[in-house]
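Every heavy atom of this structure was used, including side-chain atoms; hydrogens, water molecules and symmetry mates were not. As the structure lists them, so they are numbered: ligands from 1, and atoms in each ligand from 1.
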Amino acid sequence: MAFFNEMMEVSLEGLDAEISGLINSELERQRTHIELIASENFVPRAIMEGMGSVLTNKYAEGYPHKKYYGGCEFVERIEEIAIERAKKLFGADHANVQPHSGSTANQAAYFSVMNPGDGMLAMRLDHGGHLSHGHPLNFTGMMYKITAYGVDPETETIDYGEVARLARECGPKVIVAGASAYPRAIDFARFRAIADEVGAILVTDMAHIAGLVAGGAHDSPVPHSQFVTSTTHKTLRGPRGAFVLCSAEYARDLDRTVFPGVQGGPLLPAVAAKATCFKLAGEPEFKSYAAQVVRNAAALCARLRERGFRIVSGGTDNHIVLLDLRSKGITGKAAERALEAAGITTNKNAIPFDPEKPMVTSGLRLGTPAVTSRGMKEEQMGLIADALDEVLSAPDDAGASRAVRSRMAELGAAFPLYESVR
Ligand code: PLP
């Protein structure tokens with residue numbers, strides 16, 4: 001018993017040095033590398049406090065004031081606050097803040113209105129869509145009749161004419177707007193007009209751009225969509241998690257689908273951290289952050305173009321820059337590896353009509369949410385673009401790689417991260 005009590009008070013470092021050491025190594029990696037993965041960000045310390053709180057001890061199946069467990073008076077207040085803040089931030093009728101992840105949020109939206117065998121029209125994965133938008137190996141590809149729209153081969157932007165034509169042809173129950181690797185603005189009003197014309201429901205997955213929407217740097221899908229799903233951990237700069245917004249008529253169906261439909265108890269530490277995330281995203285500083293994310297992506301894009309990179313779609317309207325590496329004679333896979341060694345973290349990504357396999361690819365997806373959270377601006381984007389070009393112009397030059405790595409660590413040190421975290 002004595003041992004148990006003592007153990008309860010011992011730090012992670014004291015109790016599990018192996019895991020504690022690896023977490024510290026990851027902190028050091030985040031500090032010293034330049035983070036350009038478009039779906040990642042650095043959350044404020046306050047968000048991490050919510051995630052690391054005693055809320056992990058609590059079960060709270062059900063919804064506020066209709067919980068299946070006792071002792072929920074504080075956690076249901078937290079959930080209520082998260083719901084109210086999400087509704088206010090995005091101007092939505094209804095919010096469910098319980099989904100554990102973006103894929104589960106999509107599952108909840110689809111299950112609310114679709115039956116197995118129903119038709120879904122969504123963006124092709126290899127043109128920028130997400131696995132949970134109909135990939136054959138995903139539940140969506142197994143359960144629904146998928147028709148996929150892509151980008152125009154010339155402009156590499158969504159061909160709304162083709163979306164409309166496909167919608168008329170396949171008469172889907174649901175049309176999905178939103179993407180994981182699409183650098184241009186999405187016209188949600190246009191999607192809604194197409195959905196209305198064919199009697200489909202519009203589900204918008206704004207996971208990537210949620211922070212830009214909250215900060216007024218991208219048009220909002222909320223007025224145009226019956227359902228809007230999102231993660232909280234990308235541009236929105238919150239904890240790992242997700243939420244779904246919907247119009248009032250679907251509120252009951254959505255809530256029933258999340259619980260008990262696809263989940264059990266909510267992850268309360270994440271719910272609390274989502275509430276804080278929604279609060280922060282409603283503050284004026286977040287508007288400046290969102291605008292800077294977009295300006296930084298434009299600056300990164302402009303310098304890379306100057307350096308001879310071909311930019312998919314010719315530019316960016318959001319936080320993403322998608323590079324076609326073929327003119328540089330390197331694959332996405334090799335580029336990702338070379339940059340990693342040089343202290344720049346990115347991910348290989350298929351580009352539209354990519355001749356390479358998905359594990360190789362001809363593209364590289366870059367994003368500016370994380371570097372912007374560190375306080376970097378256009379000037380630093382120029383330095384990063386130059387470093388990227390240096391590495392990719394001579395991927396086997398170990399000396400150049402080492403030099404860039406130490407420059408990137410210096411750049412990181414000039415924009416300190418989590419100084420109060422040890
Ligand atoms: N939707 C989009 C557009 C995404 O980009 C992602 C993740 O990258 C998801 C959904 C899935 O989110 P999660 O990884 O939390 O399941």
Side-chain angles (χ1 to χ4, degrees), residues 35-41 43 47 51 96-111 120-135 137-141 144 146 148-151 158 174-186 188 191 202-214 218 220-222 225 227-245 258 262-263 266-267 269-271 273-274 277 293 317-322 345-350 358 361 363-370:
E35 182 54 72
L36 293 182
I37 291 180
S39 51
E40 295 190 7
N41 212 331
V43 300
I47 300 278
M51 287 297 271
N96 187 307
V97 297
Q98 294 193 4
H100 303 328
S101 75
S103 296
T104 313
N106 283 341
Q107 189 180 14
Y110 304 150
F111 282 13
M120 171 188 283
L121 176 61
M123 194 167 191
R124 287 170 58 166
L125 178 71
D126 57 351
H127 284 202
H130 186 258
L131 288 165
S132 60
H133 298 178
H135 190 275
L137 295 177
N138 183 264
F139 75 91
T140 44
Y144 305 125
I146 305 295
Y149 62 86
V151 297
I158 293 172
V174 158
I175 296 180
V176 182
S180 296
Y182 186 66
R184 309 315 297 237
I186 297 178
F188 299 117
F191 266 108
L202 181 60
V203 175
T204 298
D205 178 348
M206 67 166 180
H208 258 270
I209 57 167
L212 306 185
V213 171
H218 191 296
S220 173
V222 175
S225 316
F227 291 83
V228 174
T229 67
S230 183
T231 54
T232 33
H233 49 265
K234 299 187 175 85
T235 49
L236 197 53
R237 204 162 61 178
R240 229 144 249 292
F243 62 101
V244 184
L245 308 171
V258 173
V262 298
Q263 288 188 176
L267 303 178
V271 171
K274 285 174 208 178
C277 155
V293 166
D317 301 319
N318 57 24
H319 60 301
I320 293 176
V321 178
L322 192 57
T345 316
T346 62
N347 68 278
K348 60 178 174 291
N349 211 100
T361 81
L364 200 64
R365 186 185 65 162
L366 310 174
T368 52

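At least one heavy atom of Ala179 sits closer than 4.0 Å to an atom of ligand 1. Heavy atoms of His233 come nearer than 4.0 angstrom to ligand 1 in at least one pair.
Each of the atoms 15 (O), 16 (O) of ligand 1 lies under 4.0 Å from some heavy atom of Ser101. Those atoms of ligand 1 that come under 4.0 Å of a heavy atom in Gly102, given as number and element, are 11 (C), 12 (O), 13 (P), 15 (O), 16 (O). Within ligand 1, the atoms closer than 4.0 Å to a non-hydrogen atom of His208 are 5 (O), numbered from 1 in the order shown. The ligand atoms of ligand 1 that sit less than 4.0 angstrom from a heavy atom of Thr231 are 12 (O), 15 (O). The contact set between ligand 1 and Ser103, taken as ligand atoms under 4.0 Å from a residue heavy atom, comprises 11 (C), 12 (O), 13 (P), 16 (O).
When the heavy atoms of Gln107, His130, Arg240, Met123 are ranked by distance to atom 11 (C) of ligand 1, first place goes to His130.
By the side-chain hydrogen bond (donor to acceptor under 3.5 Å, both in side chains) test, Ser39 is found to be paired with Arg365, residues two or more places apart in sequence or in another chain being considered. In this structure Tyr149 satisfies the ring-ring contact (aromatic ring centres under 6.0 Å, His included) test together with Phe191, sequence neighbours excluded.
In this structure, the protein non-hydrogen atom closest to atom 2 (C) of ligand 1 is Asp205 OD2, 3.3 Å. Counting only heavy atoms of the protein, atom 5 (O) of ligand 1 lies nearest to Ser180 OG, 2.6 Å. Looking at atom 7 (C) of ligand 1, its nearest protein heavy atom turns out to be Lys234 NZ, 3.0 Å.
For atom 14 (O) of ligand 1, the nearest protein heavy atom lies 4.0 Å away or farther.
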Between Asn318 and His218, does a side-chain hydrogen bond (donor to acceptor under 3.5 Å, both in side chains) hold up when you go through it step by step? CA-CA 7 Å; Asn318 57 24; His218 191 296; 5.6 Å; no

Step by step, work out the ring pair (Phe, Tyr, Trp, His ring centres under 6.0 Å) result for Tyr182 and His130. CA-CA 10 Å; Tyr182 186 66; His130 186 258; over 10 Å; no

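Using a distance-only test at 3.5 Å, with no hydrogens or angles considered, no donor-acceptor pair links the side chain of Thr204 to the main chain of Met206. Using a distance-only test at 3.5 Å, with no hydrogens or angles considered, a donor-acceptor pair links the side chain of Tyr110 to the main chain of Ser132. In this structure, the side chain of Thr232 engages the main chain of Gly241 through a donor-acceptor pair within 3.5 Å.
Nearest heavy-atom pair across Pro239 and Ile47 is N-CG2, 3.6 Å. What you find for Thr231 and Ala210 is that their closest heavy atoms are O-CB, 4.4 Å.
When heavy-atom distances to ligand 1 are checked against a 4.0 Å cut-off, Ala207 comes that close only through its side chain, counted from C-beta outward.
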